[in-house]
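Please read the structure below before turning to the comments.
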2 protein chains.
Amino acid sequence: MDISNLSKDLPPIISNTMADVVELKLREYLKRKSFKPGDALPKELELAEALGVSRNVLREALSRLRMLGMIETRKKRGMVLARPDILGTFERVLDPLIIDNSTLQDIFELRLVLEMGIADLLYIRKTPKDILELETIAKKEINHDHSFRIKNEIAFHGKLYEMSGNDTLKRFQIMLMPIFDYVVTLEQKPTRGLVSHLDLVEILKSGSVDDFKKGMQAHLQPHFNRLK
Amino acid sequence: MDISNLSKDLPPIISNTMADVVELKLREYLKRKSFKPGDALPKELELAEALGVSRNVLREALSRLRMLGMIETRKKRGMVLARPDILGTFERVLDPLIIDNSTLQDIFELRLVLEMGIADLLYIRKTPKDILELETIAKKEINHDHSFRIKNEIAFHGKLYEMSGNDTLKRFQIMLMPIFDYVVTLEQKPTRGLVSHLDLVEILKSGSVDDFKKGMQAHLQPHFNRLK
DNA sequence: TTATTTTATTTGTACTACATAATAGGGCAT
DNA sequence: ATGCCCTATTATGTAGTACAAATAAAATAA
C-alpha cells in the first residue's frame with residue numbers, strides 16, 4: 001500500500017471560513033452576471049445582507065479581490081470591476097525563500113524552457129534596430145567584474161524577451177530571474193557555455209532559426225547539464 | 001510627444017488603505033524575521049496593537065495572505081507561516097473573460113513558446129513507457145468527432161508536459177489551456193498542422209532532439225501563422 | 001499512568017459607531 | 001440659462017466591543 005501520497009488521498013479538512021465562502025460566491029456572482037470592467041457593483045451592505053454575513057466578513061473577501069486587482073473601490077462611488085494584473089498577482093508569492101526546493105527546481109527548468117522556446121517568436125519579430133541594441137549589450141560584458149556580468153546577463157536575456165514583442169513574457173521572465181539566480185548560486189558552479197552572447201547576436205544577424213536554437217542550446221548547456 | 005503610455009507615466013493616485021499598508025508591513029516583517037514554514041506567528045491582537053490598527057484592518061490583510069497560502073490559522077493555536085501554492089494563486093485571476101485581449105494574445109504566444117521549448121527537457125527525461133502511453137493517446141484520436149479531438153489534444157500535450165518531469169510546468173500548461181482554446185476558437189480557424197501527433201510520437205521514438213523541435217514547429221505551424 | 005473533564009486562549013463572526021471622501025444637487029451670481 | 005460654489009448625502013474606511021467556537025493545555029478522576 002502506497003502511503004507516500006497520503007496528503008493527496010486525504011486532503012486536510014479545511015475549515016472553510018465565511019470569508020473563503022464569500023470570496024467564492026462573489027467570484028461566481030461576477031462571472032454569472034458577466035460584469036465587464038468598469039461596471040458598478042452593489043454596495044457592501046447590500047452584498048453582505050444578500051449573502052447573510054456581516055459586513056466584516058464581506059470586507060475580508062472584498063479585500064482579497066481588491067488585492068488581486070479584480071475590483072476597485074472608491075468612496076461614495078462604490079465598487080467597480082477591474083482587470084487584474086495577472087503577473088502582479090503572481091509576483092506576490094514568488095519569493096525564493098518561501099518556495100520549496102522542488103518547485104524552485106521546476107521554475108529553474110521553466111526558464112530554460114522559455115529561453116529555448118522563444119526562438120521562433122524572435123525570428124518573427126526581430127528588427128535590425130533590436131539586434132544592434134542587443135549587440136551593444138553583449139559587447140559591454142567583456143572585461144568586467146563578476147557582479148557586472150550578472151547584471152549584463154540579465155540585460156541581454158531581458159532584451160531577447162523584449163524583442164519577442166510579448167510584454168507578458170518579458171515581465172514573466174523578469175520575475176523568474178531572481179529564482180533562476182538563486183538556484184544557480186546555490187550550486188556554486190560558475191561554468192560558462194560554449195556559445196557566448198556575441199555568438200548569439202551573430203547568429204541572429206545572419207543565421208537561421210534552427211541555428212539560433214542550436215546556439216541557445218549550447219549557450220545554456222551548463223544549466224542543462226545540471227539536470228539528470 | 002508620446003501620450004499613449006499616459007497611464008504608465010502617470011499612475012493613478014492609489015489611496016492606499018490601511019489594509020494595503022498592513023499587508024505590506026506584514027510581508028516585510030515575515031521576510032525580515034526570516035520565518036520558516038511552520039513557525040508560529042504572533043497573535044492577531046499583538047500584531048494589531050504593534051501596527052497601531054484595529055483588529056478589523058489587520059484581519060483584512062491577514063485574509064489576503066491566507067488566500068495566497070502564505071499563512072495558515074487555527075483557533076487557539078494561532079497562525080503559522082506556510083508555503084504558498086504559487087500556481088493556485090495564479091489561477092485565481094486567469095479567466096479569459098476578464099483578461100484584456102492584448103494579454104490574451106501574449107498568453108497564447110506563451111504557450112507556443114512552452115511547447116517549442118520543452119523538447120530538450122523531454123529528451124532528457126522521456127522513458128519508453130511514457131512514449132507508449134503517448135502513442136496510445138495519439139492513436140485514439142483517429143475517427144472521432146470534434147469535441148473528442150479537443151479533449152484528446154489536451155491529453156496529448158498534457159502527457160508531453162508530464163513526461164518533462166516538471167510538475168509546475170504541467171500545472172502551468174493546464175491553466176493556460178483554456179485561454180489558448182479561447183483564443184483559437186475566437187479566430188475560428190480549424191486548421192491542422194502538417195505533422196500529426198502520431199508523427200511526433202514516431203520522432204520521439206527514433207528521432208533526434210532537433211528532429212522533434214522541427215516536428216513540433218510544423219505541428220504548431222497553423223498557430224504561428226496567426227502571428228504577424 | 002491513562003482517560004476524561006475543565007479551563008484558558010485564540011481565532012471567527014456580528015454589530016455599532018463614526019470618520020472620510022466624493023458625488024449629486026441646490027442655490028446663487030452673472 | 002449658464003456656470004460656479006457650497007452643502008447634504010451616501011458609500012467606503014476604520015475602530016471598538018461582544019460573544020461564539022474550537023482546541024491546546026491543565027486539572028481531575030479512574
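A note on names: the letters A, B, ... follow the listed sequences, proteins ahead of strands, and every chain is numbered from 1.
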With a 4.0 Å cut-off on N to O distance, would you call B/Glu60 and B/Arg64 a salt bridge?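 Looking at B/Glu60 and B/Arg64, the cut-off is not met.
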
Evaluate the side-chain proximity of A/Met67 to A/Thr89: yes if any heavy-atom separation is below 4.5 Å, no if none is.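 No; the side chains remain at least 4.5 Å from each other.
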
So, do B/His223 and B/Arg111 sit near enough that their side-chain heavy atoms are less than 4.5 Å apart?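 With C-beta onward as the side chain, the pair stays apart.
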
Round to the nearest Å and state the distance from [X] atom [atom1] to [N] atom [atom2].
X: B/Glu44; N: C/dT11; atom1: CD; atom2: P; answer: 5 Å
X: B/Met18; N: C/dA19; atom1: CE; atom2: C1'; answer: 12 Å
X: A/Leu41; N: D/dT12; atom1: CG; atom2: C1'; answer: 14 Å
X: A/Met79; N: D/dG13; atom1: CE; atom2: C1'; answer: 13 Å
X: B/Leu51; N: D/dT14; atom1: CG; atom2: C1'; answer: 14 Å
X: A/Leu45; N: D/dT12; atom1: CG; atom2: P; answer: 7 Å
X: A/Ile71; N: D/dA11; atom1: CD1; atom2: C1'; answer: 13 Å
X: B/Leu47; N: D/dA15; atom1: CG; atom2: C1'; answer: 17 Å

Does A/Ser54 make a side-chain N or O approach to OP1 or OP2 of C/dT13 shorter than 4.0 Å?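 Looking at the OP1 and OP2 atoms of C/dT13, neither is under 4.0 Å from any side-chain N or O of A/Ser54.
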
With a sphere of 6.0 Å drawn around NZ of A/Lys126, does it hold more than 12 non-hydrogen atoms of other residues, nucleotides or ligands?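 Buried by this count: over 12 neighbours within 6.0 Å.
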
Give me the one residue out of A/Met177, A/Arg171, A/Met175 that meets side chain to side chain contact (heavy atoms under 4.5 Å, CB included) with A/Gln173.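 So the option named by the test is A/Met177.
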
B/Phe108 ring center near B/Phe224 ring center (under 6.0 Å):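 No, ring centres 6.0 Å or more apart.
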
Ring centers of A/Tyr161, A/Phe172 separated by less than 6.0 Å: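 Ring centres of A/Phe172 and A/Tyr161 not closer than 6.0 Å.
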
Whether the side chain of A/Arg55 and the base of D/dG13 hold a donor-acceptor pair under 3.5 Å is what I'd like checked.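 Indeed there is one.
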
For DNA chain C, which residues of residues 58-69 of chain A approach it to below 4.0 angstrom with any heavy atom?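 Residues of residues 58-69 of chain A under 4.0 Å from DNA chain C: none.
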
Among the candidates [options], find the nucleotide nearest to the side-chain atoms of [X].
X: B/Lys75; options: C/dT13, C/dT11, D/dA24; answer: C/dT11
X: B/Asn56; options: C/dT10, D/dA15, D/dA18; answer: D/dA15
X: A/Thr73; options: D/dG13, C/dC15, C/dT9; answer: D/dG13

